[in-house]
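Here is the naming used below: chain letters follow the sequence lines, and residue numbers restart at 1 for every chain.
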Number of protein chains: 2
Amino acid sequence: MPRDHKPSGPLDDVSKAIIEQLQQDGRRSYAAIGKVVGLSEAAVRQRVQRLTESGAMQIVAVTDPVEMGFARQAMVGVRVVGSIDPVADELAAIPEVDYVVVTAGSYDILAEVVCESDSQLLELVNEKLRTIDGVVATEIFVYLRLQKQTYSWGVR
Amino acid sequence: MPRDHKPSGPLDDVSKAIIEQLQQDGRRSYAAIGKVVGLSEAAVRQRVQRLTESGAMQIVAVTDPVEMGFARQAMVGVRVVGSIDPVADELAAIPEVDYVVVTAGSYDILAEVVCESDSQLLELVNEKLRTIDGVVATEIFVYLRLQKQTYSWGVR
DNA sequence: AGTGAAACGACCGTAGA
DNA sequence: TCTACGGTCGTTTCACT
């Protein structure tokens with residue numbers, strides 16, 4: 001699922017203020033946001049539409065994995081021989097993998113996985129990750145505690 | 001910012017269906033969701049309220065760091081001597097750190113950082129992370145490409 | 001890009017099963 | 001925990017700047 005990325009230059013302060021409001025509550029009304037940022041409802045709505053269509057922002061529900069029955073998360077460091085891209089593609093196609101990033105460092109790829117149990121995690125890594133062509137090593141960092149997860153950059 | 005976590009047992013299929021709708025569009029109307037899941041508007045509203053108050057779900061704007069002027073992201077593996085908790089707390093308090101997880105493995109903590117430039121990243125790691133009491137080693141995984149980031153578990 | 005106004009639809013509180 | 005309903009407020013469309 002690649003993000004669309006229409007050009008859309010850097011954001012002005014008003015759009016940043018709108019985003020800040022929606023980071024606190026994605027359902028806050030355009031009218032209420034307009035009062036804070038000093039714009040009419042319609043203007044706020046237009047800017048939100050442009051921001052979402054350009055891919056700069058999206059308004060979504062994010063869930064707590066534990067409450068959803070996924071009690072075990074882990075980050076997997078992956079070392080690859082040969083081309084990295086096809087490996088990254090295959091990883092991204094796995095439903096239990098929710099985050100894939102190509103990195104510079106002692107791993108070529110970091111992949112976050114969400115599982116229901118330790119046994120499912122082990123099976124996933126052994127049978128779906130380590131069997132991908134080009135993967136030569138993996139290291140599992142089991143999550144003991146998620147300490148911070150924010151969707152607001154720079155602010156608060 | 002610790003999550004509140006009222007007890008609230010495992011979710012039934014209706015609540016999962018509601019969440020699925022809101023993962024696609026966090027602003028979808030309660031009435032429209034009700035038609036899909038077979039519930040009245042008010043019932044959907046009550047369930048969404050309970051889900052958000054229990055911390056199982058939140059509806060927020062998530063942004064593209066590049067569009068927001070944060071062109072450089074990295075994952076930092078942190079090795080700690082002594083108690084891990086105070087280090088995790090200090091890391092979580094840093095604004096540029098958006099994700100902190102305590103892990104089992106060759107790092108004790110993984111922290112994701114969001115910066116405007118390479119120089120800011122370097123300064124952050126050297127002056128704010130490595131100076132924390134108990135941190136004995138860090139390893140930086142600079143993000144070359146974010147390949148996948150989904151907020152929907154299990155589905156699609 | 002922005003405003004203002006009127007019609008429409010969504011949301012909220014309350015009552016009742 | 002759900003439905004029903006009425007009042008209030010938010011959203012949408014459109015003509016205008």
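In this structure, A:Arg27 places its CZ atom 14 Å from P of D:dG10, rounding to the nearest Å. Between A:Tyr30 atom OH and C:dA10 atom C1' the separation is 13 Å, expressed in whole Å. Put simply, CD on B:Glu53 is 12 Å from P on D:dT1, counting in whole angstrom units. Rounded to whole Å, atom C1' of D:dG10 lies 14 Å from atom CG of A:Asp25.
Look at the C1' atom in both D:dA15 and C:dG2: the space between them is 13 Å, to the nearest Å. For C:dA1 and D:dC16, the P atoms lie 22 Å apart once the distance is rounded to whole Å.
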Item to complete: Go through the steps to decide whether B:Val48 and A:Arg27 satisfy the test side chain to side chain contact (heavy atoms under 4.5 Å, CB included), and finish with yes or no.
Response: CA-CA 11 Å; B:Val48 170; A:Arg27 280 199 158 248; 5.6 Å; no
Item to complete: Go through the steps to decide whether B:Leu11 and B:Ile19 satisfy the test side chain to side chain contact (heavy atoms under 4.5 Å, CB included), and finish with yes or no.
Response: CA-CA 10 Å; B:Leu11 305 181; B:Ile19 290 171; 3.7 Å; yes
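Rounded to 10°, the helix from C:dT3-D:dA15 to C:dA17-D:dT1 has 30° between the axis fitted to its first five pairs and the one fitted to its last five.
Judged by distance alone, with hydrogens and angles left aside, the side-chain atoms of B:Gln23 form a donor-acceptor pair with the main-chain N or O of B:Tyr151 at under 3.5 Å.
A donor and an acceptor atom, one from each side chain of B:Glu139 and A:Ser106, are located under 3.5 Å apart. A donor-acceptor contact closer than 3.5 angstrom links the side chains of A:Asp89 and B:Gln147.
Atom CZ of B:Phe141 is separated from atom CE of A:Met75 by 10.0 Å, given to the nearest 0.5 angstrom.
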Find every protein N or O atom lying less than 3.5 Å from an N or O atom of nucleotides 2-6 of chain D, and list the pairs.
residue: D:dC2; atom: OP1; partner: B:Arg47; partner atom: NH1; Å: 2.1
residue: D:dC2; atom: OP2; partner: B:Arg50; partner atom: NH2; Å: 3.4
residue: D:dT3; atom: OP2; partner: B:Ser40; partner atom: N; Å: 2.8
residue: D:dT3; atom: OP2; partner: B:Ser40; partner atom: OG; Å: 2.5

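Note on B:Arg28: nothing from the nucleic acid sits closer than 4.0 angstrom, heavy atoms only.
Through direct or indirect side-chain contacts shorter than 4.5 Å among Ile, Leu, Val, Met, Phe, Trp and Tyr, B:Val100 is connected to A:Leu144, B:Val76, B:Val78, B:Val80, B:Ile84, B:Val87, B:Leu91, B:Ile94, B:Val97, B:Val102, B:Ile109, B:Val113, B:Leu121, B:Leu124, B:Val125, B:Leu129, B:Ile132, B:Val135, B:Ile140, B:Val142.
No side-chain heavy atom of B:Thr63 sits under 4.5 Å from any side-chain heavy atom of A:Lys16.
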